[in-house]
Visitor: 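Below is the structure I would like to discuss, written out as structure tokens.
In each ligand, atom 1 is the first atom listed, and ligand 1 is the first ligand listed.
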Amino acid sequence: MVMRKKSPLLVEDNKFCPGCGHGIINRLLAEVLDEMGVADNTIGVAAVGCACLQIDTFGIDWIQAEHGRAPAVATGIKRCRPDKVVLSYQGDGDCLAIGMAETIHTAFRGENLTMLFVNNGVFGMTGGQMAPTTLPGQKTTTSVHGRDVTKTGNPANILELLATFETVKYLARGTVTDVAGINRTKGYIRKAVENQIEGRGYSFVEILSPCPTNWGLTPLKSIEHIKNNVAKVYPPGEVLNRTEEAK
Ligand SMILES: Cc1ncc(C[n+]2csc(CCOP(=O)(O)OP(=O)(O)O)c2C)c(N)n1
Ligand code: SF4
């Protein structure tokens with residue numbers, strides 16, 4: 001087996017639970033920024049939750065935004081410093097619950113930004129509460145009998161919604177469940193960063209990610225759960241690419 005060397009941007013071991021998808025996604029983002037030679041010129045806007053645990057271990061400049069406010073903070077930074085690569089990194093509780101307004105309005109405005117959205121179906125750090133992305137029937141600490149869609153609605157599909165905005169230029173959904181999926185996800189992240197550098201406008205990449213700790217599953221069972229259940233509700237792939245017309 002050939003082991004790939006870790007990106008020099010990952011300056012310390014990460015703080016995520018074993019089997020957590022954030023660690024893989026961190027590595028992909030680090031590889032992309034490193035390979036593109038833009039790490040020194042990048043500002044990451046971290047959210048709250050486990051989605052912010054990389055601020056000490058991932059060697060780019062980070063700022064942490066209040067819960068849900070990452071797209072607004074990223075907008076301010078990018079407008080003041082258009083020469084910087086600015087990206088946000090959010091979980092689903094952050095991006096689609098408390099921060100839905102910021103997510104929508106940043107897309108409406110078509111900011112020239114790269115938004116990364118880690119969908120693990122729960123509020124991870126605070127104990128696995130139901131999120132807008134929780135699957136129908138999924139048990140969480142706030143839906144102990146399983147999510148009842150007659151009371152809480154269906155899982156939010158943000159890519160379907162954003163695809164209706166003409167200001168949005170690039171949308172993709174990746175997975176981290178196997179090597180092919182991980183490689184495709186890296187390609188989506190790279191495209192989303194390239195789009196910003198080329199001034200093509202708003203790019204948003206969702207990544208389906210395991211949270212074994214709150215799902216009560218082993219890391220391997222968590223991967224199977226994504227393949228067999230989560231990916232059926234949230235099909236992976238490139239959803240929208242208007243970057244040709246944006247050139
Ligand atoms: C205004 C505010 N409300 C609530 C919290 C508590 N809080 C911290 S992390 C978190 C959960 C975040 O979940 P998610 O965005 O899905 O990220 P994950 O932990 O799953 O990566 C919450 C509710 C907070 N920090 N600030
Ligand atoms: S609680 Fe879940 S999202 Fe947070 S680090 Fe652990 S596995 Fe990852």
Visitor: Please give the remaining members of the hydrophobic cluster of V48, linking ILVMFWY side chains under 4.5 Å, ordered by chain and number.
Guide: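 Grouped by the 4.5 Å side-chain rule, V48 forms a cluster of one, so the answer is none.
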Visitor: How many angstroms lie between atom SG of C95 and atom CD of E206, to the nearest 0.5 angstrom?
Guide: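 Reported value, rounded in 0.5 Å steps: 8.5 Å.
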Visitor: Identify the protein heavy atom lying closest to atom 17 (O) of ligand 1, giving its residue, its atom name and the separation to 0.1 Å.
Guide: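 Ranking protein heavy atoms by distance from atom 17 (O) of ligand 1, first comes G91 CA, 3.8 Å.
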Visitor: Check this for me, if you would: do K186 and E35 make a salt bridge, where the nitrogen-to-carboxylate-oxygen distance has to be below 4.0 angstrom?
Guide: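 Answer for the salt bridge query: yes.
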Visitor: Taking H22's backbone N and O only, do any of them form a donor-acceptor pair with R27's side chain (distance below 3.5 Å, no angle check)?
Guide: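 Not confirmed, R27 side chain does not pair with H22 backbone.
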Visitor: If you take all heavy atoms of Y202 and T103, which pair is closest and at what distance?
Guide: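 What the structure gives for the nearest pair is OH-O, 4.0 Å.
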Visitor: State the atoms of ligand 1, each with its element, that fall below the 4.0 Å cut-off from a heavy-atom position in M125.
Guide: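 Ligand 1 atoms under the 4.0 Å threshold to M125: 19 (O).
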Visitor: How far is atom 15 (O) of ligand 1 from its nearest protein heavy atom, and which residue and atom is that?
Guide: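 Here the closest protein heavy atom is D94 N, 2.8 Å.
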Visitor: Does E66 have a non-hydrogen atom less than 4.0 Å from ligand 1?
Guide: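 Contact check E66 vs ligand 1: negative.
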Visitor: Do I189 and M36 belong together in a cluster built from hydrophobic side chains that touch within less than 4.5 Å?
Guide: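 Same cluster.
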Visitor: Could a heavy atom of V122 be found less than 4.0 Å from some atom of ligand 1?
Guide: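 The answer is yes: ligand 1 sits under 4.0 Å from a heavy atom of V122.
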Visitor: With nothing but distance in play, are any N or O atoms of F123 less than 3.5 Å from an N or O of ligand 1?
Guide: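 Such a contact does not occur with ligand 1.
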Visitor: Any N/O of T126 closer than 3.5 Å to an N/O of ligand 1?
Guide: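 No: no nitrogen or oxygen of T126 is under 3.5 Å from one in ligand 1.
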Visitor: Show me which atoms of ligand 1 lie under 4.0 Å from any heavy atom of C50.
Guide: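 The atoms of ligand 1 under 4.0 Å from a heavy atom of C50 are 18 (P), 19 (O), 21 (O).
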Visitor: Between H67 and ligand 1, which residue portion shows a heavy-atom distance shorter than 4.0 Å: side chain, backbone, both, or neither?
Guide: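 It is the side chain that touches ligand 1; the backbone stays farther off.
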Visitor: Can you check whether G49 has an N/O within less than 3.5 Å of an N/O in ligand 1?
Guide: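 Such a contact does not occur with ligand 1.
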Visitor: Quick one: closest heavy-atom pair of G68 and D94, and the distance?
Guide: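 Nearest heavy atoms, G68 then D94: N-OD1, 2.8 Å.
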Visitor: Take a 6.0 Å sphere around CG of N228 and say whether it holds more than 12 heavy atoms from other residues, nucleotides or ligands.
Guide: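 Above 12, so yes.
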Visitor: Checking side-chain polar atoms at under 3.5 Å, does N26 have a donor or acceptor matched by the opposite partner on Y89?
Guide: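 Per modelled atom types, N26 and Y89 side chains form a pair under 3.5 Å.
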Visitor: Passes ring pair (Phe, Tyr, Trp, His ring centres under 6.0 Å), Y170 versus F204? Steps please.
Guide: CA-CA 6 Å; Y170 182 75; F204 184 102; over 10 Å; no
Visitor: So for ligand 1, is I98 a polar contact partner (N or O within less than 3.5 Å, distance only)?
Guide: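 No, there is no polar N/O contact under 3.5 Å.
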Visitor: Just let me know how Q90 lines up against ligand 1, side chain, backbone, both or neither, with a heavy-atom cut-off below 4.0 Å.
Guide: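 No part of Q90 is near ligand 1 at this cut-off.
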Visitor: Are E194 and R200 within salt-bridge range, i.e. N to O under 4.0 Å?
Guide: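 Looking at R200 together with E194, the answer is no, because their closest N to O distance does not fall below 4.0 Å.
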Visitor: Please confirm whether N120 comes under 4.0 Å of ligand 1, counting heavy atoms of the residue only.
Guide: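 Per 4.0 Å heavy-atom rule, N120 contacts ligand 1.
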Visitor: Do the side-chain N and O atoms of T114 and Q196 include a donor-acceptor pair separated by under 3.5 angstrom?
Guide: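 There is such a pair (donor and acceptor under 3.5 Å, judged by atom type) between the side chains of T114 and Q196.
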Visitor: Can you count the protein N, O or S atoms that lie less than 2.8 Å from atom 4 (Fe) of ligand 2?
Guide: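 If we list every protein N, O or S atom nearer than 2.8 Å to atom 4 (Fe) of ligand 2, we get 1.
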Visitor: Which residue supplies the protein heavy atom nearest to atom 20 (O) of ligand 1, what is that atom called, and how far is it?
Guide: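 Minimum-distance protein heavy atom for atom 20 (O) of ligand 1 reads G124 N, 2.8 Å.
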Visitor: Out of all atoms in ligand 2, which are within 4.0 Å of some heavy atom of P212? Include the element for each.
Guide: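 Contacts of ligand 2 toward P212, numbered from 1: 7 (S).
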Visitor: Between K84 and D61, does any side-chain N to carboxylate O distance fall below 4.0 Å?
Guide: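 Here K84 does not pair with D61 in a salt bridge, since their nearest N and O are not under 4.0 Å apart.
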Visitor: If you have a sec, work out which protein heavy atom is nearest atom 21 (O) of ligand 1 and how many Å separate them, to one decimal?
Guide: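 Here the nearest protein heavy atom works out to H22 NE2, 3.0 Å.
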Visitor: Which ligand 1 atoms are under 4.0 Å away from a heavy-atom of G93?
Guide: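 Ligand 1 atoms under the 4.0 Å threshold to G93: 14 (P), 15 (O), 16 (O).
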Visitor: Any salt bridge between R184 and E238, counting N to O under 4.0 Å?
Guide: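 Salt bridge: no.
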